[in-house]
Amino acid sequence: MEAGGPAVVSQWDECFQAAVQVAQRAGQVIRKAFTEEKHVSTKTSAADLVTETDCLVEHLIISELRKQFPSHRFISEEATAAGAKCELTSSPTWVIDPIDGTCNFVHGFPNVAVSIGFAVHQELEFGVVHHCMEERLYMARRGRGAFCNTQRLCASRETDLSKALILTEIGSKRDPATLKLLLSNMEQLLLAKAHGVRVIGSSTLALCHLAAGAADAYYQFGLHCWDLAAATVIIREAGGIVMDTTGGPLNLMARRVVAAGTQKMATLIAQALQPISCGQDDQA
Ligand SMILES: Nc1ncnc2c1ncn2[C@@H]1O[C@H](CO)[C@@H](O)[C@H]1OP(=O)(O)O
Ligand SMILES: [Mg+2]
Ligand SMILES: [Mg+2]
């Protein structure tokens with residue numbers, strides 16, 4: 001036996017390593033496609049976009065992981081859009097967004113990421129988010145800390161809403177009632193004298209910025225489980241909070257989230273928000 005005893009190998013290490021490798025391969029494909037002509041289609045609205053690269057990258061990720069882990073289940077954005085069931089059971093399940101920030105990708109705006117989360121018994125075990133254009137890899141395993149490349153991540157300790165930099169996303173719904181609520185939520189936070197509200201076009205990268213302490217809070221209605229799964233582990237392992245907009249525990253399928261460096265900040269944001277109803281991922 002080596003000095004210090006055998007290395008501790010977690011049950012899901014092999015899966016984590018596979019996620020890192022496939023996220024990097026997917027990043028290469030996305031980087032190459034970023035400067036080329038894109039074929040863009042719409043999904044649920046004129047602002048809900050998909051390109052052939054979203055589908056190609058999703059296929060690449062799932063076929064590689066399925067080869068290595070044939071008994072595992074998969075939830076992914078483009079398969080769900082094509083009618084696959086979006087159901088989180090107790091089986092080992094990969095939750096995949098092949099391109100988070102598709103609208104950015106279409107416009108050549110460089111906030112584009114691959115997001116791969118992994119849950120067992122409905123508990124998130126690890127998350128890998130690859131910022132494709134800056135070649136940054138955000139990653140965390142439950143109980144083992146969060147990292148960006150080799151740098152350990154630490155979420156903000158801010159508790160004062162009037163000193164907060166807050167991130168959110170606009171999403172793809174454009175009906176007047178949704179837009180009114182969306183803008184009124186932003187207005188409430190600005191009236192509370194938050195330092196700023198930012199929209200960067202990628203939920204998962206915004207959540208990673210929160211994990212890195214570059215922002216104090218994040219909220220969104222309408223995002224999906226694949227936007228959230230990987231980054232949730234990364235934020236929690238960076239010492240942050242991820243919860244439901246009602247103030248209760250996070251439901252990955254409920255399409256709403258508040259995240260912050262501190263519980264106090266998360267609660268203040270949740271209290272300032274009016275809910276926007278979006279349905280559930282597993283009841284579509
Ligand atoms: N219907 C919706 N409402 C809110 N956000 C959504 C959404 N659909 C996707 N998003 C995500 O929110 C951000 C932009 O609004 C992106 O991260 C986008 O993910 P996507 O690029 O994978 O589609
Ligand atoms: Mg997404
Ligand atoms: Mg996507």
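Just so you know, ligand 1 is whichever comes first in the structure, and atom 1 is the first atom listed for that ligand. Residue numbers run from 1 in the order of the sequence given. Hydrogens, waters and symmetry mates are skipped; everything else that's a heavy atom, side chains included, is used.
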Handout entry: Any donor-acceptor N or O pair under 3.5 Å, side chains Gln17, Gln21
Key = no
Handout entry: Gln188 and Ser184: side chain donor to acceptor below 3.5 Å
Key = no
Find all atoms of ligand 1 within a distance of less than 4.0 Å from any non-hydrogen atom belonging to [X], and give their numbers and elements.
X      : answer
Ser202 : 17 (O)
Glu77  : 22 (O), 23 (O)
Asp97  : 22 (O)

Exercise for the section: In plain terms, say whether Arg141 and Asp13 are close enough for a salt bridge, that is, a side-chain N and a carboxylate O under 4.0 Å apart. Expected result: yes
Give a yes or no answer on whether the side chain of [X] reaches the backbone of [Y] with a donor-acceptor pair at less than 3.5 Å.
X      : Y      : value
Thr178 : Lys173 : no
Arg31  : Cys132 : yes
Gln68  : Cys15  : no
Asn185 : Leu182 : no
Glu237 : Gly145 : yes
Glu169 : Leu223 : no

Completion exercise
Here the N/O/S atom of Asp227 closest to the Mg ion (ligand 2) would be OD1
Exercise for the section: Give a yes/no on ligand 1: does Ile99 have at least one heavy atom closer than 4.0 angstrom to it? Expected result: yes
Handout entry: Whether Phe221 lies under 4.0 Å from ligand 1, heavy atom
Key = yes
Problem - Short N or O distance, Asp48 and ligand 1, threshold 3.5 Å exclusive - result: no
Problem - Test of proximity, Lys173 against ligand 1: N or O pairs below 3.5 Å - result: no
How far is [atom] from its nearest protein heavy atom, and which residue and atom is that?
atom                    : value
atom 3 (N) of ligand 1  : Gly222 O, 3.1 Å
atom 19 (O) of ligand 1 : Asp100 OD1, 2.9 Å
atom 10 (N) of ligand 1 : Asp227 OD2, 4.0 Å
atom 21 (O) of ligand 1 : Gly101 N, 2.7 Å
atom 13 (C) of ligand 1 : Ser203 OG, 3.4 Å
atom 6 (C) of ligand 1  : Gln220 NE2, 3.7 Å
atom 14 (C) of ligand 1 : Glu169 OE1, 3.5 Å
atom 15 (O) of ligand 1 : Gly171 N, 3.1 Å

Exercise for the section: Return the orientation label for the Phe126 and Phe118 ring planes: parallel under 30°, perpendicular over 60°, tilted otherwise. Expected result: parallel
Completion exercise
To the Mg ion (ligand 3), the closest N, O or S atom belonging to Asp97 is OD1
Problem - the Mg ion (ligand 3) - closest N/O/S atom in Glu77 - result: OE1
Exercise for the section: Go through Lys163 and Glu158 one step at a time and tell me if the salt bridge (Lys or Arg N to Asp or Glu O under 4.0 Å) criterion holds. Expected result: CA-CA 8 Å; Lys163 291 192 179 130; Glu158 187 57 64; 5.1 Å; no
